[in-house]
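Residue numbers run from 1 in the order of the sequence given.
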Amino acid sequence: MPPPRYRLRPVTEFDRALLLQVYGSTRIDELARVDWSDADKARFVESQFNAQATHYAEVYPDGQYDVIESPAGEPIGRLYLHHGRDEMRVIDITLLPAWRGHGLGSRIMDDVLDEATATNRVVSIHVEIFNPAQRLYQRLGFV
């Protein structure tokens, strides 16, 4: 079965709650190990989300910040790219948990790689060593 299709649309000011949810989904396993209240976990996630968003805006002010949507228009993740002269940097790609593991991340990354090839650029990405997406990036040829 082919991976699901998707579409991209620019992030708007109305996407904050969605983007916070997407970011928070990446911290669930880590936060399961700490003895904090749900309110403390939510405050921590929000502060980390805000710090990350500030960092991205400062380092990549001309980045392409998109919401990933299902074909039906359901927001299901985020894709942040920086288009440099010789490089495309994947700043961030995150899918909500229900959309992970079905080939959609591979499809999106294949499309990014195709765009880079068509524009004679290399693709770079920084991934933490404990990130399960490491396997995907290694399959795609990243080192």
Side-chain angles (χ1 to χ4, degrees), residues 1-34 38-143:
M1 183 172 177
R5 294 220 168 274
Y6 70 95
R7 62 184 182 199
L8 300 176
R9 68 161 174 82
V11 167
T12 72
E13 61 187 279
F14 304 107
D15 290 317
R16 179 173 166 64
L18 164 71
L19 297 173
L20 180 59
Q21 177 189 7
V22 169
Y23 173 78
S25 75
T26 69
R27 306 298 295 261
I28 291 172
D29 292 341
E30 172 188 6
L31 290 174
R33 293 181 241 141
V34 296
D38 288 344
D40 286 341
K41 289 177 183 181
R43 278 190 293 277
F44 173 77
V45 166
E46 185 165 9
S47 72
Q48 293 297 294
F49 169 78
N50 290 335
Q52 184 187 68
T54 298
H55 173 75
Y56 288 167
E58 288 174 358
V59 176
Y60 305 104
D62 57 347
Q64 176 184 327
Y65 299 93
D66 288 321
V67 170
I68 304 167
E69 293 183 336
S70 73
E74 174 188 2
I76 59 174
R78 67 183 187 177
L79 176 64
Y80 297 169
L81 297 171
H82 177 262
H83 294 82
R85 193 185 68 170
D86 299 319
E87 171 195 42
M88 285 179 58
R89 162 75 61 152
V90 178
I91 303 167
D92 192 282
I93 178 173
T94 307
L95 296 169
L96 288 171
W99 289 87
R100 296 176 194 159
H102 303 289
L104 182 56
S106 294
R107 172 173 280 209
I108 293 168
M109 288 301 298
D110 283 342
D111 290 346
V112 168
L113 292 166
D114 289 348
E115 179 184 346
T117 299
T119 58
N120 200 30
R121 298 182 202 162
V122 297
V123 176
S124 65
I125 188 169
H126 172 81
V127 184
E128 299 293 337
I129 194 76
F130 54 82
N131 187 327
Q134 284 269 359
R135 292 183 302 277
L136 165 64
Y137 303 130
Q138 289 169 349
R139 275 197 321 270
L140 293 171
F142 288 92
V143 252

Pairwise distance [atom1]([X]) to [atom2]([Y]) - rounded to 0.5 angstrom:
X	Y	atom1	atom2	answer
Asn120	Arg85	CG	CZ	11.0 Å
Arg7	Ser70	CZ	OG	7.0 Å
Asp92	Thr26	CG	OG1	8.0 Å
Glu30	Ile28	CD	CD1	11.0 Å

Kindly determine whether Tyr23 and Val45 satisfy side-chain contact (heavy atoms from CB on, under 4.5 Å), including the steps that lead there. CA-CA 8 Å; Tyr23 173 78; Val45 166; 3.9 Å; yes
Which residues pass the side-chain hydrogen bond (donor to acceptor under 3.5 Å, both in side chains) test with Gln134, not counting sequence neighbours? none
Please name all residues satisfying side-chain hydrogen bond (donor to acceptor under 3.5 Å, both in side chains) with Asp15, sequence neighbours left out, ordered by chain then number.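 Expected list: Arg9, Thr12.
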Check whether any side-chain heavy atom of [X] lies under 4.5 Å from a side-chain heavy atom of [Y], and answer yes or no.
X	Y	answer
Asp86	Val122	no
Tyr80	Tyr60	no
Ser106	Arg139	yes
His83	Arg121	yes
Trp99	Ile68	no
Leu104	Ile76	yes

Passes side-chain contact (heavy atoms from CB on, under 4.5 Å), Asn50 versus Arg16? Steps please. CA-CA 10 Å; Asn50 290 335; Arg16 179 173 166 64; 3.1 Å; yes
Please name the residue in the list Leu8, Val22, Leu79, Leu18 that meets the side chain to side chain contact (heavy atoms under 4.5 Å, CB included) test with Val67.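 Answer after filtering Leu8, Val22, Leu79, Leu18: Leu18.
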Where do [X] and [Y] come nearest, in terms of heavy atoms and distance?
X	Y	result
Ile93	Gly105	CD1-O, 4.5 Å
Ile125	Arg89	C-NH1, 4.3 Å
Leu20	Glu46	CD1-CA, 3.8 Å

Where the side chain of Arg100 meets the backbone of Leu95, is there a donor-acceptor pair that is under 3.5 Å apart?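 A pair under 3.5 Å: yes.
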Decide if atom CG of Asp38 counts as having more than 12 heavy atoms of other residues, nucleotides or ligands within a radius under 6.0 Å. no
Counting only heavy atoms not in Asp114, do more than 12 fall under 6.0 Å of its CG?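 Count over threshold, so yes.
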Between Arg78 and Val11, does a side-chain contact (heavy atoms from CB on, under 4.5 Å) hold up when you go through it step by step? CA-CA 9 Å; Arg78 67 183 187 177; Val11 167; 5.9 Å; no
Dump the intermediate steps for salt bridge (Lys or Arg N to Asp or Glu O under 4.0 Å) on Asp110 and Arg107, then the final yes or no. CA-CA 5 Å; Asp110 283 342; Arg107 172 173 280 209; over 6 Å; no
Evaluation steps, side-chain contact (heavy atoms from CB on, under 4.5 Å), between Val90 and Tyr137: CA-CA 11 Å; Val90 178; Tyr137 303 130; 5.7 Å; no
